[in-house]
Amino acid sequence: MVSEVLWNAPVADRPVDALVRVPGSKSLTARWMLLAAAAQQPSELRGALVSRDTRLMRDALERLGAILEARDDALLVTPIPPPPEHPAAPLEIHTGLAGTVMRFVPMLAALHHGDVRFTGDEPALARPMDPVIDALRQQGVEVTEHGAPGRLPITVHGTGRLRGGRIEVDSSASSQFISNVLLVAARADDALELVHVGDKLPSLPHIDMTAETLREVGIECTHDTDEQGRHRWRVTPGEIRPVSIVVEPDLSNAGPFLAAAVATEGTIAVDDWPEVTTQPGDAYRELLTRMGAEVWREGRTLCVRGTGRIRGIDADLSAVGELTPTIAALAALADSPSTLRGVGHLRGHETDRLKALATELTKLGARTLELEDGLEIHPGPLHGEVFETYEDHRLATAAAIIGLRVPDLQVIDIGTTQKTLPDFVGMWLSMLHTDPLEDGEA
Ligand SMILES: O=C(O)C1=C[C@@H](OP(=O)(O)O)[C@@H](O)[C@H](O)C1
Ligand SMILES: C=C(OP(=O)(O)O)C(=O)O
């Protein structure tokens, strides 16, 4: 539900200068939790994100029979027991607005013996689910659609088995449709061959992330192209090894803090930036450099310094669509226009992000045109306004970035940031109040 409480976005009265530690990656936490629940032996996760999305994942896995307990600094995961011979009582799973829960858990529910109904927040009922439903049916699993076709709520009639074999998935509206199938494929009867049949494929690094996590639990997952040049993945069935891992910090969530350095001519250092990662947030290093910032590493820390000049950018963000709201916020503060391309699939995110960004940025004075697959942003003199966030955490953080430079910007429902970053406000304020003379911490 949208809260009408307004948050006065703080203006930076000097360059921000802080060391920031961001909590664990939402996407990696979701994958590790799910794989740990689908393994045969208990696993231990450290640094897992605790936010609304990951709590929903945890609840979903617990409904299916896993046990996830926080102990000291670790999350212990006891896997889902084998399905009973007779169908269990019907279950309901609430997915909130979490794409990772609504798209990743239904395939796992097929391995449950019994009916599992999936529902979600009001805006979640508009997010595409057809390829999830279609993939389940291709796997021989019955699905009932209770609402609009191809949308939540649905019931997965799990039989405790997945067929495997060849499957075609149109993942042009979200990479999550492919990750959904791959994550559970090792538990199928036969080897899986998945071919993507859509005309575009967004967020490929997130699919690479899925393949990489599978390999880390001992599952063979290959990616190539078929004779027609279509993306193809193959997964060999096998036992999912238990893990003892440390989750990387969420680099997408580091974005608004790095952008604060760019917006205020400050310096932000983010701790524990991985050397090698499949997280799309790693692309901030290149994108912010192109926008005029200085970016460098000091050991495991990534540093970004604003130079006083923010350049507009022409960028294809299809692989890293999740970064669009942050880049769009900086584009509104830039000294030349920007075109952000390849992100038509953002219309199926938490909200229609293209429409939302075009509306809100234009309202502030940066004329923003909605393109078929992106945005054209024309910076102009900006003024304070009430910024609507449409239950979208990344719209809220985009507003906070602009608010650093624009007085009287009020954000509706800043609490929506709890989806992936529960203490966003506390971290933002401590970033702003760090004494630049001290080696501070946000
Ligand atoms: O697999 C994942 O963890 C995600 C994949 C991406 O989805 P889309 O491919 O729908 O953009 C990304 O935007 C989302 O935040 C998380
Ligand atoms: C698109 C996003 O989330 P979801 O996992 O709900 O798709 C996002 O966090 O930017």
Side-chain angles (χ1 to χ4, degrees), residues 1-2 26 29-38 48-70 75 77-162 174 176-177 179-181 183-184 187 348-350 391 416 418-420:
M1 219 183 70
V2 180
K26 166 197 83 171
T29 299
R31 284 162 173 77
W32 289 126
M33 278 183 175
L34 191 145
L35 287 171
L49 175 66
V50 181
S51 73
R52 182 168 189 236
D53 276 14
T54 59
R55 257 193 306 272
L56 288 160
M57 177 60 94
R58 178 178 169 163
D59 290 350
L61 298 172
E62 290 196 326
R63 297 245 150 166
L64 293 172
I67 302 169
L68 290 86
E69 306 162 89
L75 184 70
V77 185
T78 307
I80 300 169
E85 203 181 311
H86 299 292
L91 299 176
E92 177 157 306
I93 288 179
H94 201 284
T95 67
L97 188 45
T100 46
V101 183
M102 60 194 275
R103 273 79 175 262
F104 294 174
V105 183
M107 201 48 95
L108 186 65
L111 293 172
H112 174 82
H113 194 182
D115 290 353
V116 187
R117 182 184 159 102
F118 288 86
T119 184
D121 292 353
E122 181 78 33
L125 310 188
R127 299 188 72 176
M129 284 291 287
D130 3 1
V132 173
I133 297 165
D134 185 50
L136 280 160
R137 290 183 177 147
Q138 288 184 64
Q139 283 296 296
V141 181
E142 276 182 43
V143 181
T144 305
E145 296 166 72
H146 301 285
R151 299 290 182 270
L152 290 177
I154 58 170
T155 295
V156 175
H157 304 281
T159 59
R161 291 185 65 180
L162 280 171
S174 169
Q176 292 173 339
F177 301 136
S179 289
N180 158 52
V181 181
L183 278 168
V184 192
R187 296 283 307 275
H349 276 187
E350 281 77 343
E391 301 186 48
T416 193
Q418 300 200 3
K419 186 175 190 285
T420 59

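Residues take their numbers from the sequence shown, with the count starting at 1. The figures that follow rest on heavy atoms only: side chains count, while hydrogens, waters and symmetry mates do not.
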How long is the gap from [atom1] on [X] to [atom2] on [Y], to the nearest 0.5 Å?
| X | Y | atom1 | atom2 | result |
| --- | --- | --- | --- | --- |
| L56 | L97 | CG | CG | 9.5 Å |
| L111 | R187 | CG | CZ | 5.0 Å |
| F104 | L183 | CZ | CG | 5.5 Å |
| T420 | D53 | OG1 | CG | 6.5 Å |
| T144 | D115 | OG1 | CG | 7.5 Å |
| H157 | T155 | NE2 | OG1 | 5.5 Å |

Ion pair present between [X] and [Y], side-chain N to carboxylate O less than 4.0 angstrom?
| X | Y | value |
| --- | --- | --- |
| R151 | E122 | no |
| D121 | R52 | yes |
| E350 | K419 | yes |

So which heavy atom on [X] is nearest to which on [Y], and how close?
| X | Y | answer |
| --- | --- | --- |
| F177 | M129 | CE2-CA, 4.4 Å |
| R103 | P128 | NH2-O, 2.9 Å |
| T100 | A30 | CB-CB, 4.0 Å |
| T54 | K26 | CG2-O, 4.5 Å |
| G65 | P81 | O-CD, 3.4 Å |
| S179 | R31 | OG-NH2, 3.5 Å |

*asked:* As a quick check of understanding, evaluate side chain to side chain contact (heavy atoms under 4.5 Å, CB included) for I154 and T119, giving each step before the final call.
replied: CA-CA 7 Å; I154 58 170; T119 184; over 6 Å; no

*Begin from the C-alpha positions of Q176 and N180 and carry the test side chain to side chain donor-acceptor pair (under 3.5 Å) through to its verdict.*
CA-CA 6 Å; Q176 292 173 339; N180 158 52; over 6 Å; no

Donor-acceptor under 3.5 Å ([X] side chain, [Y] main chain):
| X | Y | result |
| --- | --- | --- |
| R117 | P153 | no |
| T29 | L49 | yes |
| H113 | E85 | yes |

Just wondering, are more than 12 heavy atoms of other shown residues or ligands nearer than 6.0 Å to [atom1] in [X]?
| X | atom1 | answer |
| --- | --- | --- |
| E92 | CD | yes |
| E69 | CD | yes |
| R161 | CZ | no |

Any non-hydrogen side-chain atom of [X] less than 4.5 Å from a side-chain atom of [Y]?
| X | Y | value |
| --- | --- | --- |
| V141 | L162 | yes |
| L34 | V184 | yes |
| I93 | D59 | no |

_Chi angles and distances behind the salt bridge (Lys or Arg N to Asp or Glu O under 4.0 Å) call for E145, R137_ = CA-CA 12 Å; E145 296 166 72; R137 290 183 177 147; 3.0 Å; yes

*Do you know which of R58, R63, M57 makes side chain to side chain contact (heavy atoms under 4.5 Å, CB included) with L61?*
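Running side chain to side chain contact (heavy atoms under 4.5 Å, CB included) over R58, R63, M57 with L61 returns exactly one hit, M57.
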
*Considering the options T95, V156, I133, which one meets the side chain to side chain contact (heavy atoms under 4.5 Å, CB included) requirement together with P106?*
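The single option meeting the side chain to side chain contact (heavy atoms under 4.5 Å, CB included) with P106 is V156.
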
*Apply the test side chain to side chain contact (heavy atoms under 4.5 Å, CB included) to residues M107 and V132: give CA-CA distance (whole Å), side-chain angles for both, the deciding distance (0.1 Å), then the verdict.*
CA-CA 8 Å; M107 201 48 95; V132 173; over 6 Å; no

